[in-house]
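For reference, positions follow the sequence shown, starting with 1. The structure displayed is predicted, hence computed values, not measured ones.
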Amino acid sequence: DLPQAVAAAVPGSVLQVRPGTYTGFSTNKPLRIVFDFTATTGTVQAPSGANYTIELNGLAVGQEFVIVGRGARITAGQLGAVRIANTQGSAVLRGLTVTAGTLPGLDVQNAASVIVENSFCGGLPGLQIQDASLASSSVAWSSSVGFGAVALRASLDCAHGSFTGW
């Protein structure tokens with residue numbers, strides 16, 4: 001499962017994840033994780049009692065953390081789906097389907113450089129960002145209730161995407 005694989009991986013490793021249902025993880029390592037599945041062939045779900053399904057916290061300057069999928073589905077923990085916090089390195093999320101329901105899809109706090117591409121990020125809101133910088137391309141930030149994004153002291157650069165809420 002992912003928590004053990006991430007814990008055992010040395011910084012700079014590439015983890016290839018086959019279709020299936022997996023448990024999320026928390027890390028501060030520079031890794032490249034390839035979810036080789038779609039939203040219908042695989043899911044990453046929160047560990048029991050976890051606040052977030054995937055959490056990157058404390059990535060150092062000059063390091064990079066990357067998750068690449070083919071539409072891979074990530075569901076929410078108790079507080080949201082994906083959290084990137086206290087990170088001075090760069091984080092890249094590409095090809096993901098984040099479904100968080102009434103919780104934040106992506107929560108970015110105190111992060112230097114986050115890039116999100118070719119993804120769907122749904123929650124309440126789809127994006128929650130504070131004291132951070134984020135660039136996105138071809139991303140649908142969505143909320144079935146409320147706003148697609150909520151930002152405070154943030155730098156956003158968004159192209160070829162949408163923000164929806166109703």
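- Applying side-chain contact (heavy atoms from CB on, under 4.5 Å) to F25 and the options I54, T53, L31, L56 leaves one that passes, I54.
- Sorted by first and then second residue, the salt bridge (charged side-chain N to carboxylate O under 4.0 Å, His left out) pairs involving residues 71-81 (not counting sequence neighbours) form an empty list.
- Scanning for side chain to side chain contact (heavy atoms under 4.5 Å, CB included) contacts around P19 gives F37, T41, with sequence neighbours left out.
- V34 shares a hydrophobic cluster with V14; the chain of contacts runs through ILVMFWY side chains whose heavy atoms sit under 4.5 Å apart.
- Side chain of S143 to main chain of G123: a donor-acceptor pair is present (N/O by atom type, distance under 3.5 Å, no hydrogens or angles).
- For the pair H160 and S138, the minimum side-chain heavy-atom distance is below 4.5 Å.
- Going from atom OG of S137 over to atom CG of D157 covers 9.5 Å, rounded to the nearest 0.5 Å.
- A search for side chain to side chain contact (heavy atoms under 4.5 Å, CB included) contacts involving T23 returns D1, P3, P47, not counting sequence neighbours.
- Between I67 and L96 there is a side-chain heavy-atom pair separated by less than 4.5 Å.
- Summarising the geometry of L103 relative to G77, their closest heavy-atom pair is CD1-O, 3.1 Å, with the distance given to 0.1 Å.
- Taking CD from Q16 and CD1 from I33, the interatomic distance works out to 11.5 Å, rounded to the nearest 0.5 Å.
- There is a path of hydrophobic side-chain contacts, each under 4.5 Å, that joins L106 to L156.
- You'll find the side chain of Y22 reaches within 4.5 Å of the side chain of V17, heavy atoms only.
- Listed for the T97 side chain is no donor-acceptor partner under 3.5 Å among the backbone atoms of A39.
- Residues near V61 contribute nothing to a hydrophobic cluster around it, because no ILVMFWY side-chain heavy atom sits closer than 4.5 Å to its side chain.
- Side-chain contact check for F65 versus T27: some heavy-atom pair is nearer than 4.5 Å.
- Applying the side chain to side chain contact (heavy atoms under 4.5 Å, CB included) rule to F163 yields the partners W141, A149, C158; only residues at least two apart in sequence or on another chain are considered.
- The distance from atom CG of L127 to atom CG of L134, rounded to the nearest 0.5 Å, is 6.0 Å.
- Annotation: salt bridge (charged side-chain N to carboxylate O under 4.0 Å, His left out) contacts involving residues 89-117, sequence neighbours excluded, comprise R83-D107, R94-E117.
- Within the structure, salt bridge (charged side-chain N to carboxylate O under 4.0 Å, His left out) contacts touching residues 25-49 (residues at least two apart or in different chains) are D36-R70.
- Pairs engaging residues 121-144 under the salt bridge (charged side-chain N to carboxylate O under 4.0 Å, His left out) rule: D131-R153 [sequence neighbours left out].
- Taken together through direct or relayed side-chain contacts under 4.5 Å among Ile, Leu, Val, Met, Phe, Trp and Tyr, L124 and L79 form parts of separate hydrophobic clusters.
- Hydrophobic clustering (ILVMFWY, side-chain heavy atoms < 4.5 Å, transitive): I129 and V114 are in one cluster.
- Nearest heavy-atom pair across S13 and V10 is OG-O, 2.7 Å.
- Legend: residues meeting side-chain hydrogen bond (donor to acceptor under 3.5 Å, both in side chains) with S48, ordered by chain and number and at least two apart, are absent.
- Legend: residues meeting side chain to side chain contact (heavy atoms under 4.5 Å, CB included) with S155, ordered by chain and number and at least two apart, are S133.
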Counting only pairs under 3.5 Å, give me each side-chain donor-acceptor contact of residues 85-93, with atom names and distances, residues two or more places apart or in other chains.
{"unit_1": "N86", "atom_1": "OD1", "unit_2": "N110", "atom_2": "ND2", "d": "3.2"}
{"unit_1": "N86", "atom_1": "ND2", "unit_2": "N57", "atom_2": "OD1", "d": "3.2"}
{"unit_1": "T87", "atom_1": "OG1", "unit_2": "A85", "atom_2": "O", "d": "2.7"}

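- Between Y52 and V82, every side-chain heavy-atom pair lies at or beyond the 4.5 Å cut-off.
- Looking at L15 and V6, their side chains come closer than 4.5 Å, going by heavy atoms from C-beta outward.
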Please step through side-chain hydrogen bond (donor to acceptor under 3.5 Å, both in side chains) for the pair T164 and S162, ending with a clear verdict. CA-CA 6 Å; T164 58; S162 62; 5.3 Å; no

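- With hydrogens and angles ignored, the 3.5 Å screen pairs a side-chain donor or acceptor of Q63 with a backbone N or O of A60.
- I74 contributes atom CD1, which lies 8.5 Å from atom SG of C121 (distance to the nearest 0.5 angstrom).
- Neither side chain, T43 nor T21, offers a donor N or O lying under 3.5 Å from an acceptor on the other.
- The nearest pair of heavy atoms linking A81 to G105 is CB-O, 3.3 Å.
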